[in-house]
Structures are given as C-alpha cells and as structure tokens.
Number of protein chains: 2
Amino acid sequence: MEPVPDTPRTPKAAQTRAAILATALRLFREDGYDRTTMRAVAKEAGVSLGSAYYYFASKEHLVQAFYDELLTEHQAAVEEVLARESGFAARLQGSLEAWLAVAAPHHAFAAQFFRNAADPASPLSPFSAESAPARDGSIALMRRLLDGSDAKVSRALQAQLPDLLWLLQMGVVLFWVYDASDDQRRTRTLVRGLVPLVDRLVRMSRLPVLRGVVDDVLALVASLRT
Amino acid sequence: MEPVPDTPRTPKAAQTRAAILATALRLFREDGYDRTTMRAVAKEAGVSLGSAYYYFASKEHLVQAFYDELLTEHQAAVEEVLARESGFAARLQGSLEAWLAVAAPHHAFAAQFFRNAADPASPLSPFSAESAPARDGSIALMRRLLDGSDAKVSRALQAQLPDLLWLLQMGVVLFWVYDASDDQRRTRTLVRGLVPLVDRLVRMSRLPVLRGVVDDVLALVASLRT
DNA sequence: CCAAGGTTTTGAACGTGTTCAAGAAAGGAT
DNA sequence: ATCCTTTCTTGAACACGTTCAAAACCTTGG
C-alpha cells in the first residue's frame with residue numbers, strides 16, 4: 001500500500017525525486033498545468049513514466065510541493081512586514097500584498113490548478129486534513145500579526161479573529177484567482193479598500209452598539225467549529 | 001466550427017438529445033459524476049459515443065443542464081416564500097433554506113463536479129459570461145426579496161444589496177459544498193445564525209455610527225465593478 | 001563472493017474524455 | 001426521380017493520467 005515513500009531511502013533516490021519535482025515545476029510555469037503531461041515531466045527529468053509515479057502518487061501531489069514553496073516564501077515576506085510595521089492596518093495590508101507579490105508570477109498557472117484545490121476531496125483543498133499544517137501555520141501568523149499590533153479588541157474577539165482573518169485571506173485569494181484584469185489590478189484595489197474597512201470594524205467592535213453583533217458572530221463561529 | 005447546435009433541427013433530434021441528457025442525469029445521480037463515463041451514457045441512451053458529443057460538447061455541458069434545472073426549481077420555491085413572508089429575515093432565510101432543500105438530494109454529486117464550477121475558465125463558473133443569465137436572474141430575485149420586504153435601507157444600499165446578498169448565497173453554497181456533516185447540518189446552522197445577523201446589520205445600516213462604514217463598502221463595491 | 005530481501009526503474013496496458021473522417025438519412029431543388 | 005446540401009450517426013483513433021507486474025539495482029548478513 002505504500003510504494004510512495006515520503007522520504008527516499010537513498011541519496012540517489014532523493015536526487016531523482018528532486019529532479020522530477022524541479023522539472024515538473026519548471027514545465028508547469030512554462031506551459032501551464034494542463035498542458036504539462038506526466039510523460040513530458042518524466043522525459044525531461046530523464047526517468048521513466050513509472051518512476052515519476054513512484055515518487056509522486058499523482059500529478060496533484062506535484063502541485064502540493066509547489067504550493068508549500070509559495071507558502072514558505074509568503075511567510076518569510078510577512079516576517080519582514082511584522083518587523084517593520086506595528087499598526088494593525090499596515091500589518092494586514094502588508095501581509096495581503098506580500099501574498100499578491102509572491103503569487104503574481106504564477107497567476108495563470110494558479111488559476112489552472114485551482115479547480116483541483118477547490119475539490120473538497122482533494123488534499124490540496126485549504127480545508128483538507130492534509131492542509132492542516134499549512135493552515136495552522138497561516139493562522140498562527142495571523143495571530144502574531146494581530147497580537148503584535150496596536151489593535152485593541154475584546155478577549156473573545158482576540159481569540160477568534162485570527163481565524164476570521166485567515167478566512168478573509170482565503171477570500172482574497174479566491175478573488176485573485178478569478179481576477180482577469182491586467183496584473184490583477186482589481187485584486188489590489190480590493191485589498192486597498194478592504195483593509196481600512198476591516199481596520200475600522202475591528203476598532204469599532206468595542207462600541208456598545210456593536211457589542212451584540214460581535215458576540216453573535218463569535219457565537220456563530222463557535223457553534224460551527226464543532 | 002459549430003457541430004453542436006443549441007437547438008436541434010428536427011423533432012427526432014430533439015428527442016435524441018433529451019434522451020442523452022436524461023440518461024446522463026440519472027447516471028450522475030446513481031453513480032456519481034466521476035464514475036459515470038460518457039461511454040456509459042451513450043450506451044444507456046442507445047446512441048453511439050460520437051452522438052453524445054454531437055449534442056453536448058463535453059461532459060461539463062451535461063452538467064450545465066442539470067444546474068439550470070436546479071436553479072429553476074429553486075426559483076419556484078422562492079416564489080412561494082416571497083408570497084408567504086413579508087419580513088426581510090424570513091424571506092432571506094426562506095430563500096437560503098429553499099436552496100438547501102432543493103440541492104440536498106444531490107450533495108454528493110454536487111461536491112464532485114464543484115471542481116469544474118470552480119475553474120475560472122469553465123462556463124460553469126458562477127462568474128463566467130455563460131452564467132450571466134442565471135446570475136442576473138438570481139440577483140433579480142434577491143432584489144424582489146428585498147424590495148418587497150419590510151427592510152428600510154438607504155437608496156444607495158438598496159441598489160447594491162441584492163448583489164451582496166447573491167454573494168452571500170454563493171458563500172453559503174461554498175460552505176455547503178464543503179460541508180461533510182450528516183444531512184449538511186452545519187450549513188443549516190450557518191444559515192440560522194447568519195440570517196438574523198444580516199438582518200440586524202441591514203437594520204443598523206442607517207445608524208449614524210455605521211453610515212461611514214456602509215458608504216465605504218458601497219464605494220469599494222462600485223470601484224470593483226468597472 | 002553469494003544469496004536474500006528490500007528499493008528503484010521500467011514500459012506496456014487500461015480506462016477515460018475527446019476528436020474526426022467517413023458515411024447514412026433526410027430533405028429540398030431541379 | 002435524381003442530385004446536392006444539410007443534418008445526424010458512427011466507431012476508430014488519440015492523448016492523457018494512472019496502474020502494475022516484472023526486471024534491475026542495491027545493500028547486507030553469511
């Protein structure tokens with residue numbers, strides 16, 4: 001049942017695995033996801049078709065590796081933002097724009113394989129069990145973004161806000177994927193408008209008029225988490 | 001360039017087309033989308049594989065017909081709700097729950113072909129040009145839901161709210177697709193919690209404290225619509 | 001050095017969505 | 001009636017993702 005070792009047994013195998021992965025990512029970028037065939041990946045990497053499948057259970061698994069790379073790059077970029085900015089809005093904006101900057105070169109490619117990520121049954125789905133580590137990492141980053149900022153929120157909201165901010169980010173990514181404008185201009189417009197809005201809402205969350213609404217939102221989120 | 005007529009030229013052809021579609025939908029429901037092959041559809045419908053492709057350009061196009069059916073059924077159900085209820089919250093809740101009721105029998109199937117709808121390049125995408133008629137119809141329904149209700153909102157918000165409500169519905173559908181709980185219990189929890197919240201926010205939208213926020217939201221939406 | 005057992009590699013084969021050239025059927029127009 | 005055009009039908013063929021049994025290649029204990 002496991003002809004696909006996560007960690008190759010020998011250095012040579014690791015090298016082969018890396019070659020396949022590198023070739024795949026290059027071809028994905030050059031020709032797009034759909035037009036890149038597993039046969040082409042194998043041939044260019046100098047291995048047989050069977051070998052490619054020995055190391056990667058499916059074409060999707062090849063993409064997972066790419067996705068992980070992207071996430072790592074984004075997190076590094078966010079670290080810089082967090083070190084530089086202390087305002088909540090500036091940090092949030094920096095984080096979202098960092099994602100756009102990191103992902104921009106791959107927009108066409110991303111849109112092509114997004115269909116796979118959207119499949120609830122796919123391990124690439126942001127809600128899947130396999131994505132849990134990446135998801136938790138991103139949420140943890142959002143928590144640091146919030147906690148290290150000047151935002152003042154109630155204890156209850158502070159606990160849940162990182163999750164909501166992660167959801168916001170997923171929404172932005174969704175918008176980005178569908179964004180066909182030049183250089184994803186519309187997504188940047190969205191971010192520039194969304195951040196001040198969220199900032200304002202967070203600040204207002206402690207106003208008496210809004211306390212009830214905020215409590216209801218938090219209660220709803222909590223009831224869905226079971 | 002057009003071997004796929006939208007309207008068959010002869011009654012016999014229309015009958016063949018209908019038979020293929022009916023067979024496909026039945027098999028989709030019985031065996032799931034992925035496990036239903038075009039060869040099986042053709043065989044069960046008593047035609048050749050080529051014929052199936054003469055009437056439907058792709059497997060996805062067969063799904064489009066199913067989707068249209070679902071939408072029609074939903075709109076009929078909403079009509080009843082609008083005739084019965086006058087409160088904004090009751091109408092919104094009725095509309096969302098009508099969707100859940102109509103779609104429930106097809107949840108497993110829907111989740112399987114959702115990946116296709118998520119592809120920005122697919123005609124099945126809710127944002128695609130091909131979906132424009134269906135989308136406009138749904139938004140128009142939301143407008144009637146709002147205008148015929150007891151909700152009092154500013155002129156500016158009234159103009160944009162139907163679009164936002166449609167977006168809300170898309171969000172609920174997204175949640176529903178990912179909802180693996182028995183009978184999609186979690187989605188129903190979401191709807192029951194979301195509706196009062198939206199209702200409250202809409203009512204509060206005219207409060208002086210929130211005027212600024214509402215204006216910003218509307219301005220953002222407007223700036224993205226270009 | 002050999003044998004045994006694990007690891008890696010291979011390419012043929014399968015099932016699938018889709019295409020296409022060729023032909024059959026069905027109407028006209030003359 | 002006879003051709004011509006358009007509409008419909010067919011099944012073979014293609015390209016792709018994926019599987020699998022067999023072989024080749026280690027590594028290690030004796």
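Chain A is the first sequence line, chain B the second, and so forth, proteins listed ahead of strands; every chain is numbered from 1. For clarity, every value in this text was computed on a predicted model and none was experimentally measured.
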Worksheet item: Between the side-chain atoms of B:Arg39 and the base atoms of C:dG15, is any donor-acceptor pair under 3.5 Å?
Response: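 Under the 3.5 Å cut-off, the side chain and the base do not form any donor-acceptor pair.
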Discussion item. Distance alone, cut at 3.5 Å: any donor-acceptor contact between the side chains of B:Ser138 and B:Gln169?
Written reply: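 Result is no, nothing qualifies.
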Is [X] near enough to [N] that one of its side-chain N or O atoms lies under 4.0 angstrom from OP1 or OP2?
X: B:Tyr53; N: C:dC20; answer: no
X: A:Thr16; N: C:dT9; answer: yes
X: A:Ser51; N: C:dT8; answer: no

Identify which nucleotide among [options] has an atom closest to any side-chain atom of [X], counting heavy atoms from C-beta outward.
X: A:Tyr54; options: D:dT9, D:dG17, C:dT7; value: C:dT7
X: B:Met38; options: C:dT18, C:dG11, D:dG17; value: C:dT18
X: A:Thr37; options: C:dT10, C:dT9, D:dC16; value: D:dC16
X: A:Lys59; options: C:dT8, D:dC8, D:dT18; value: D:dT18

Worksheet entry | Whether A:Phe109 and A:Phe66 hold their rings parallel, tilted or perpendicular, with breakpoints at 30° and 60° | tilted
Worksheet item: Mind checking whether B:Tyr178 and B:Phe114 have parallel, tilted or perpendicular rings, split at 30° and 60°?
Response: perpendicular
Response to the item:
Contacts of A:Gly50 and A:Asp34 projected onto DNA chain D by closest heavy atom; the upstream (5') one is A:Asp34
Worksheet item: Between B:Arg35 and B:Lys12, which has a closest nucleotide on DNA chain C that is more 5'?
Response: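 Looking at the nearest nucleotide for each, B:Arg35 comes out on the 5' side.
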Quick one: [X] [atom1] to [N] [atom2], roughly how many Å, whole number?
X: B:Leu49; N: C:dA21; atom1: CG; atom2: P; answer: 16 Å
X: A:Phe56; N: C:dT8; atom1: CZ; atom2: P; answer: 13 Å
X: B:Tyr55; N: C:dT18; atom1: OH; atom2: P; answer: 18 Å
X: A:Leu62; N: D:dG17; atom1: CG; atom2: P; answer: 11 Å
X: B:His61; N: C:dG17; atom1: NE2; atom2: P; answer: 16 Å

Worksheet item: Is it the case that more than 12 heavy atoms not belonging to A:Arg26 sit under 6.0 Å from its CZ atom?
Response: yes
Discussion item. If we check salt bridge (charged side-chain N to carboxylate O under 4.0 Å, His left out) with A:Glu79, which of these qualifies: A:Arg144, A:Arg91, A:Arg84?
Written reply: A:Arg144
